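Whatever order the structure lists ligands and atoms in, that order sets their numbers, starting from 1. Predicted model only: the values in this text are computed from it and were never measured.
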Amino acid sequence: MKASIELDKKKYTIDLAKPLDISIPLRGNAQNVNAWYLGHPKIEPHRDGDFVGRVAEGGSTNFNDIWFNPHAHGTHTECVGHITEEFHSVNQNLDRYFFRAELVTVVPELREDDWVVSRHVLDHAMQSAAIEALIIRTAPNGRDKLSKHYSHTNPPYVLPEAVELLLEKGVRHLLVDLPSIDKEKDGGALSAHKTFWDFNGQLRKNATITEFVYVPDGIEDGFYFLNLQVAAFENDASPSRPVLYKIEP
Ligand SMILES: N[C@@H](CC(=O)c1ccccc1NC=O)C(=O)O
């Protein structure tokens with residue numbers, strides 16, 4: 001199912017029959033990925049008096065209640081509303097769902113006690129001079145990223161100087177396989193987020209950050225089209241399902 005895309009006077013071909021899903025499935029148990037000191041998500045039959053939303057227990061339908069937090073429990077896309085006093089909804093601010101994207105793999109550097117993605121590392125990894133969306137895969141890239149419990153582990157993060165480089169390259173949608181682009185315990189500074197959204201200047205309302213993606217090793221670095229959509233929650237962040245399509249030669 002080939003599709004031809006014309007963008008900025010260039011033509012690209014992708015195969016819609018070959019989607020590469022880079023989201024992490026959300027499960028209602030302790031094997032689910034986790035961060036920010038919450039318990040695991042729950043997916044349980046709704047119960048109300050004699051009613052049970054579970055066919056195996058005599059109910060007419062399976063009818064689960066789901067409890068989760070978009071920032072803590074899986075792949076989610078957030079807008080500037082994550083850090084502003086006023087409300088901004090990612091469901092309103094993400095107004096297109098297809099982007100040309102580059103996927104890069106980086107090995108974070110050790111700076112004092114932290115593993116960080118620096119400007120130098122990112123500059124070395126990126127081929128594009130200008131790109132709308134960037135997916136950062138960090139090494140090592142074990143499948144433990146699908147179920148890891150990150151609280152109190154001080155995961156790798158992205159330095160503001162690296163985010164500056166992304167702004168220079170026109171990146172509006174940044175995707176990472178980490179719980180956050182900022183340090184876990186930074187006293188609320190969120191400096192990479194603030195740089196990305198130009199928090200102290202002209203708010204970049206239509207720019208998004210997607211955290212907790214997982215890019216399997218079989219997907220090689222290079223150029224893709226990215227289909228990025230969120231569940232239609234009116235919230236600063238929402239579960240999302242980024243899908244890549246390889247650009248064919
Ligand atoms: N580092 C922040 C906390 C933080 O970044 C955060 C907290 C809850 C949910 C998400 C967070 N950051 C996400 O990108 C702090 O130490 O206050």
Write out the residue and atom name of the closest protein heavy atom to [atom], then the distance separating them to 0.1 Å.
atom: atom 11 (C) of ligand 1; result: W36 CZ2, 3.4 Å
atom: atom 2 (C) of ligand 1; result: D186 OD1, 3.1 Å
atom: atom 17 (O) of ligand 1; result: G188 N, 3.2 Å

- request: Have a look at ligand 1 and work out which part of E184, if any, has a heavy atom under 4.0 Å from it: side chain, backbone, both or neither.
  value: backbone
- request: Quick one: look at H82 and ligand 1, take heavy-atom pairs under 4.0 Å, and tell me if it's side chain, backbone, both or neither.
  value: side chain
task: Please work out which of S180, S191, P179 has its closest non-hydrogen atom nearest to atom 14 (O) of ligand 1.
output: S180
- request: Return a yes/no value for K185: is any of its N or O atoms, backbone included, closer than 3.5 angstrom to an N or O of ligand 1?
  value: no
Does [X] come within less than 4.0 Å of [Y], counting only side-chain N to carboxylate O?
X: R137; Y: E220; answer: no
X: D186; Y: K183; answer: no
X: E132; Y: R172; answer: yes

statement: Given the options V176, L226, L166, L134 meets side chain to side chain contact (heavy atoms under 4.5 Å, CB included) only with L166
query: At the 4.0 Å heavy-atom cut-off, does L190 count as touching ligand 1?
result: yes
Under 4.0 Å to a heavy atom of [X] - the qualifying atoms of ligand 1, by number:
X: G187; answer: 16 (O)
X: K183; answer: 1 (N)
X: E211; answer: 14 (O)

- request: Report yes or no: is the cationic atom of R204 (NZ for Lys, CZ for Arg) closer than 6.0 Å to the six-membered ring centre of F196, at no more than 45° off its axis?
  value: yes
- prompt: Below 4.5 Å, heavy atoms only, C-beta onward: do D8 and K10 meet side chain to side chain?
  reply: no
field: Heavy-atom side-chain contact between Y12 and S4 under 4.5 Å
entry: no
- request: Scan side-chain atoms only and decide if H76 and S240 contain a donor-acceptor pair under the 3.5 Å cut-off.
  value: no
